[in-house]
Amino acid sequence: MSCFTNAVTNRRSIYALGKNIPVLESEIIAVVERMTKEVPSPFNIQSQRVVVAMDEYHENVWDITISKMKEILTAEAFSKTEQKLETFKAAYGTILFFEEIDIVHDMQKKFPTYADNFPIWASQANGMLQFAIWTELENMGLGVNIQHYNPLINVDIIKAFNIPDNWELAAQMVFGEKLQPAGAIEKVPVSERVKVFR
């Protein structure tokens, strides 16, 4: 089995995360920068944008999320949700993934035949970037999970981090020290998911 296959196999969602990470912050930043540069995008539009939030910036992401969830949930529902959000806040950092939507809109105008596809293709490229960074962080011994509290938190995140208005939040990737291994998951048989014609 190749190193790549091993890395993909080992990548799992880890929810119990702490702050004692086994790598330097500079190594994390280097991985994010390298993957952002190298992961492909449709027509090479490079519309993916990334913010790495650590220390109080990371905690602020989850304070914003907690505040927003409190506004929309009943007290009973919020109590359970708050416990989950506090586990994300207890991690080391959060990587925020965005799409630079003006680039996507420009490509829709430039190639009207494919206009409907550009948002889909851009989202796919963003997903590839998330997967690449996630896998590399796993390789470094970090625990990772990914969340999607957008669009609920979009406006407040943009304001808190002084993000351009044309960056649209796509996902929040939480990372930190692995405190517990990933739980078991069921996999649908590959024979039900892959068809081969030869």
Side-chain angles (χ1 to χ4, degrees), residues 1-39 48-69 78-99 123-150 152-154 156-157 160-161 163 169-188 190:
M1 199 180 299
S2 72
C3 292
F4 176 75
T5 302
N6 273 328
V8 171
T9 302
N10 291 333
R11 185 223 50 81
R12 294 287 307 283
S13 294
I14 307 290
Y15 295 101
L17 299 172
K19 297 191 183 294
N20 268 335
I21 59 172
V23 295
L24 300 173
E25 287 185 354
S26 58
E27 294 176 284
I28 296 167
I29 294 165
V31 160
V32 172
E33 290 177 343
R34 182 65 183 267
M35 292 300 100
T36 301
K37 179 182 178 184
E38 300 298 345
V39 166
Q48 309 102 311
R49 299 290 182 267
V50 183
V51 170
V52 182
M54 294 180 277
D55 300 319
E56 69 268 21
Y57 298 100
H58 155 72
E59 293 184 358
N60 193 26
V61 170
W62 298 105
D63 285 337
I64 287 169
T65 309
I66 289 167
S67 175
K68 283 296 178 184
M69 295 305 286
F78 175 70
S79 178
K80 295 175 185 176
T81 298
E82 185 180 24
Q83 289 176 26
K84 181 172 71 170
L85 296 174
E86 287 290 353
T87 67
F88 303 148
K89 187 176 174 180
Y92 192 88
T94 303
I95 301 170
L96 302 169
F97 293 87
F98 297 84
E99 274 300 318
S123 181
Q124 290 170 343
N126 207 299
M128 287 194 289
L129 177 59
Q130 293 165 33
F131 180 78
I133 291 174
W134 189 344
T135 305
E136 281 296 331
L137 295 181
E138 166 65 37
N139 269 347
M140 296 164 70
L142 294 167
V144 181
N145 66 73
I146 196 159
Q147 302 300 316
H148 300 91
Y149 287 93
N150 43 291
L152 182 67
I153 62 173
N154 288 24
D156 289 318
I157 290 292
F161 289 87
I163 300 293
L169 186 61
Q172 306 86 55
M173 181 177 288
V174 189
F175 65 90
E177 170 196 10
K178 289 184 183 180
L179 298 179
Q180 292 176 8
I185 56 170
E186 270 190 47
K187 295 279 189 178
V188 174
V190 173

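Quantities reported herein were computed from a predicted structural model and do not represent experimental measurements.
- Using cut-offs of 30° and 60° for the angle between ring planes, the Y92 and F175 rings count as tilted.
- Here the closest heavy-atom approach between residue A160 and residue N60 is recorded as CB-ND2, 3.7 Å.
- Nearest heavy-atom pair across I28 and I21 is CD1-CD1, 3.8 Å.
- Side-chain contact between D55 and E25 is present, with at least one heavy-atom pair separated by less than 4.5 Å.
- Side chain of S67 to main chain of D63: no donor-acceptor pair is present (N/O by atom type, distance under 3.5 Å, no hydrogens or angles).
- Between E138 and K178 there is a salt bridge, with a side-chain nitrogen of the basic residue lying less than 4.0 Å from a carboxylate oxygen of the acidic one.
- Here the closest heavy-atom approach between residue G141 and residue P22 is recorded as O-CG, 3.8 Å.
- When atom types are taken as modelled, the side chain of H58 and the backbone of F88 share a donor-acceptor pair closer than 3.5 angstrom.
- With values rounded to the nearest 0.5 angstrom, T36 atom OG1 is found 7.0 Å from F97 atom CZ.
- Heavy-atom neighbours of Y57 OH from other residues, nucleotides or ligands within 6.0 Å: at or below the threshold of 12.
- Distance check: Q180 CD to L17 CG gives 9.5 Å after rounding to the nearest 0.5 Å.
- Separation of atoms CD1 (I95) and CE (M54) is listed at 8.5 Å; rounding is to 0.5 Å.
- Annotation: side chain of T65 is in contact with side chain of M69 (closest heavy-atom distance under 4.5 Å).
- Two residues are said to be in side-chain contact when any heavy atoms from C-beta on lie closer than 4.5 Å; L129 and M35 meet this criterion.
- When every heavy atom of A125 is checked against every heavy atom of V39, the shortest pair comes out as O-CG1, 4.1 Å.
- Once rounded to the nearest 0.5 Å, the distance linking CD of E86 with OG1 of T81 reads 12.0 Å.
- At a threshold of 4.5 Å between non-hydrogen side-chain atoms, the residues I14 and N145 do not count as touching.
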Evaluate the criterion side-chain contact (heavy atoms from CB on, under 4.5 Å) for residue pair I153 and Q172; output intermediate values, then yes/no. CA-CA 11 Å; I153 62 173; Q172 306 86 55; 4.1 Å; yes
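- At distances below 3.5 Å, not a single donor-acceptor pair connects side-chain atoms of R34 with backbone N or O atoms of I29.
- Side chain to side chain, Q130 and N126 meet the donor-acceptor criterion of an N or O pair below 3.5 Å.
- Counting heavy atoms from C-beta on, the side chains of F98 and V50 never come closer than 4.5 Å.
- Across L85, N154, L152, a single residue satisfies side chain to side chain contact (heavy atoms under 4.5 Å, CB included) together with K68, and that is L152.
- The side-chain heavy atoms of T135 and F4, taken from C-beta on, include no pair separated by under 4.5 Å.
- To the nearest 0.5 Å, atom CG of residue L142 and atom CD of residue E177 are 10.0 Å apart.
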After noting the C-alpha distance and the side-chain angles of R12 and N10, does the key distance pass the side-chain contact (heavy atoms from CB on, under 4.5 Å) rule? CA-CA 6 Å; R12 294 287 307 283; N10 291 333; over 6 Å; no
Audit row: W62, V174, side-chain contact (heavy atoms from CB on, under 4.5 Å) steps and yes/no: CA-CA 10 Å; W62 298 105; V174 189; 3.5 Å; yes
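- When all heavy atoms of K187 and I185 are compared, the closest pair comes out as CE-CD1, 3.7 Å.
- Judged purely by atom type and a 3.5 angstrom limit, T87 uses its side chain to pair as donor or acceptor with the backbone of K84.
- Using a distance-only test at 3.5 Å, with no hydrogens or angles considered, no donor-acceptor pair links the side chain of Q48 to the main chain of E99.
- Ion pairing between a basic and an acidic side chain is recognised when a charged N comes within 4.0 Å of a carboxylate O; K37 and E33 show no such pairing.
- Inter-residue side-chain proximity for I133 and E136 is flagged as unmet; no heavy-atom pair is nearer than 4.5 Å.
- Between L96 and I157 there is a side-chain heavy-atom pair separated by less than 4.5 Å.
- Scanning all heavy atoms of the two residues, the minimum distance from S13 to A182 falls at O-CB, 3.7 Å.
- How far CG of N139 is from CZ of R11: 11.5 Å, rounded to the nearest 0.5 Å.
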